[in-house]
Amino acid sequence: MKSGSISVPDLAGGFDLQSTLESAQTFLWQRADDGIYESTNAYGGDAWYYTVAGDDVVYVRQRNGVLEWQATIDAEQLLYRRLRLDDDLDAIFDALADDSMLEQAYQEYSGLRIVHDPFFPCVISFICSARMRVKRIHAIQIELARTFGDPLRIEETTYYSFPRPEQLAAASESNLRNLGLGFRAPYIQETAEMIATGELPVDDIREKSYEDAHEAVQVLPGVGPKIADCVALFALGHLRAVPIDTWTRQLIKLYYPMCDQGSYEATADAFRSMFGKYASYAQTYLYHNVRS
DNA sequence: ATCCAGGATGTAT
DNA sequence: ATACATCATGGA
């Protein structure tokens, strides 16, 4: 295993690993101590987290102002990408509209960054998220990898890579239902097939604008406007994407009623025109504010 | 037991 | 375009 470190004070706007990884934006990292984590702020701050990326394993923890990593590869570039360490949070929040609740959330959760997940795992994990609790979404991803992914033997420990599209496309609906996926099982199998066959051309979608990408991924069964926004944001990096879930819907009704335009698209557009091109950061911070 | 979970879909207006 | 019931499963 290689190792290295990144100085957190050098990152513009700081960084907080726990709030970033334990805030239900990504279900693809695990905490090393107990595997599945409960909720934000449930534990002290210096636990190891790890993810399996392709055939590689990457561990990371934050301690004493340093982001330490251990991995089968030189992980610095991967961490910059997956944790968006190049985002200048101060500049982003300067560019967002002045808003007292947002200011408060920015103070409260300083260092929370939007994540970047690989496309296919992001799609699958968010299809799983429909009407499912965060803890269980997490557990399901682990089960998917253990059941359909490749085993990786690394230093006496067996890890499992997240299944590739063809691996989930080959899974039967009943095998998927056995993991407790319920009505999501056929969505996952069919979506995996559409991506494996190229019916959804992922590389083309990476080149599209936010609006076009948001529309395009909704051809996938189980992907509607909300999950399409999660994919646009967390896998394609469109910081103007505003996923409106039940919590965000409540938040808007309560504190930003002028943005409540009925339909999903109109409401998301109103939120965007209120907060600007980095609206996702406003949504993410406000979301964690109401959920805490 | 009854309700709910980072929604999506089919069907009826 | 908008409103509604329905979709499995596990945990509280």
Side-chain angles (χ1 to χ4, degrees), chain A residues 19-29 34-42 105 109 112 114-117 121-144 147 171-192 194 200 214-236 238 241-254 260-271 279-292:
Chain A
S19 65
T20 298
L21 292 185
E22 296 200 26
S23 50
Q25 326 174 50
T26 174
F27 307 102
L28 305 177
W29 290 81
D34 65 354
I36 303 165
Y37 28 85
E38 292 280 331
S39 62
T40 310
N41 300 326
Y109 304 108
L112 168 59
I114 286 172
V115 299
H116 183 97
D117 283 343
C122 181
V123 172
I124 296 301
S125 60
F126 275 100
I127 288 177
C128 293
S129 75
R131 292 187 69 81
M132 203 177 321
R133 290 175 210 278
V134 169
K135 182 179 176 183
R136 195 156 163 251
I137 303 169
H138 241 105
I140 293 276
Q141 305 319 304
I142 296 171
E143 281 306 300
L144 278 173
T147 308
S172 72
E173 183 179 328
S174 60
N175 283 342
L176 290 166
R177 282 186 185 274
N178 286 341
L179 299 189
L181 284 166
F183 61 85
R184 306 161 193 82
Y187 296 159
I188 289 170
Q189 192 279 327
E190 291 169 25
T191 286
M194 290 176 68
L200 184 81
H214 180 249
E215 184 181 2
V217 296
Q218 290 185 55
V219 305
L220 298 170
V223 178
K226 189 269 178 182
I227 293 176
D229 266 332
C230 290
V231 173
L233 177 57
F234 301 129
L236 301 175
H238 294 296
V242 179
I244 301 179
D245 61 11
T246 51
W247 289 83
T248 304
R249 177 72 69 176
Q250 278 306 111
L251 166 82
I252 288 173
K253 277 189 197 298
L254 271 176
D260 185 6
Q261 300 294 313
S263 77
Y264 183 100
E265 301 299 343
T267 301
D269 281 340
F271 193 94
S280 59
Y281 262 105
Q283 185 274 341
T284 298
Y285 273 71
L286 292 171
Y287 169 82
H288 294 297
N289 209 16
V290 298
R291 284 209 65 167
S292 307

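The sequence lines fix the lettering, A, B, ..., with proteins before strands; numbering per chain opens at 1.
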From [atom1] of [X] over to [atom2] of [N], roughly how many Å is that when rounded to an integer?
X: A:Phe126; N: B:dA8; atom1: CZ; atom2: C1'; answer: 15 Å
X: A:Gln218; N: B:dG10; atom1: CD; atom2: P; answer: 13 Å
X: A:Arg136; N: B:dC4; atom1: CZ; atom2: P; answer: 17 Å
X: A:Glu190; N: B:dT9; atom1: CD; atom2: P; answer: 11 Å
X: A:Phe183; N: B:dG7; atom1: CZ; atom2: P; answer: 9 Å
X: A:Glu265; N: C:dT2; atom1: CD; atom2: P; answer: 11 Å
X: A:Ile127; N: B:dA8; atom1: CD1; atom2: P; answer: 10 Å
X: A:Leu181; N: B:dA8; atom1: CG; atom2: P; answer: 16 Å

>> Tell me whether the side-chain N/O atoms of A:Thr246 come closer than 4.0 Å to OP1 or OP2 in B:dG7.
In response: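 It does, given that an N or O in the side chain of A:Thr246 lies less than 4.0 Å from OP1 or OP2 of B:dG7.
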
>> Can you tell me if A:Arg177 touches the phosphate of C:dA8, counting only side-chain N or O atoms and a distance under 4.0 Å to OP1 or OP2?
In response: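 A:Arg177 to C:dA8 OP1/OP2: side-chain N or O found under 4.0 Å.
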
>> Between B:dT11 and C:dA8, how far apart are the two P atoms, rounded to whole Å?
In response: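 The answer is 15 Å between these two P atoms.
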
>> Is the ring pair A:Tyr285/A:Tyr281 parallel, tilted or perpendicular, if the boundaries are 30 and 60 degrees?
In response: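 It falls in the tilted class, 30° to 60°.
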
>> In terms of relative ring orientation, are A:His138 and A:Phe27 parallel, tilted or perpendicular, with 30° and 60° separating the classes?
In response: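 Aromatic pair A:His138/A:Phe27 classed perpendicular.
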
> Which nucleotide, in any strand shown, forms a Watson-Crick or G-U wobble pair with B:dA1, with both distances under 3.5 Å?
Replying inline: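 No nucleotide pairs with B:dA1.
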
>> Counting only side-chain heavy atoms from C-beta out, which of C:dG11, B:dG7, B:dT9 sits nearest to A:Arg133?
In response: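 That would be C:dG11.
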
>> What's the closest nucleotide to the side chain of A:Arg184 if the choices are B:dT9, C:dA8, C:dT2?
In response: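 Between B:dT9, C:dA8, C:dT2, the one nearest the side chain of A:Arg184 would be C:dA8.
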
> Is it true that the side chains of A:Ser263 and A:Glu265 contain a donor and an acceptor less than 3.5 Å apart?
Replying inline: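 No donor-acceptor contact under 3.5 Å links the two side chains.
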
> Any luck finding a side-chain donor-acceptor pair between A:Ser292 and A:Tyr109 under 3.5 Å?
Replying inline: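 Per modelled atom types, A:Ser292 and A:Tyr109 side chains form a pair under 3.5 Å.
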
Within the 4.0 Å heavy-atom criterion, would you say [X] contacts the bases, only the backbone, or no part of the nucleic acid?
X: A:Leu220; result: sugar-phosphate
X: A:Thr248; result: base
X: A:Tyr287; result: base
X: A:Gln250; result: nothing

> Do A:His288 and A:Leu112 come within less than 4.5 Å of each other through their side chains, counting heavy atoms only?
Replying inline: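 Yes; the side chains approach each other to less than 4.5 Å.
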
>> By nearest heavy atom, map A:Tyr187 and A:Ile244 onto DNA chain B; which one lands nearer the 5' end?
In response: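 Residue closer to the 5' terminus by nearest nucleotide: A:Ile244.
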
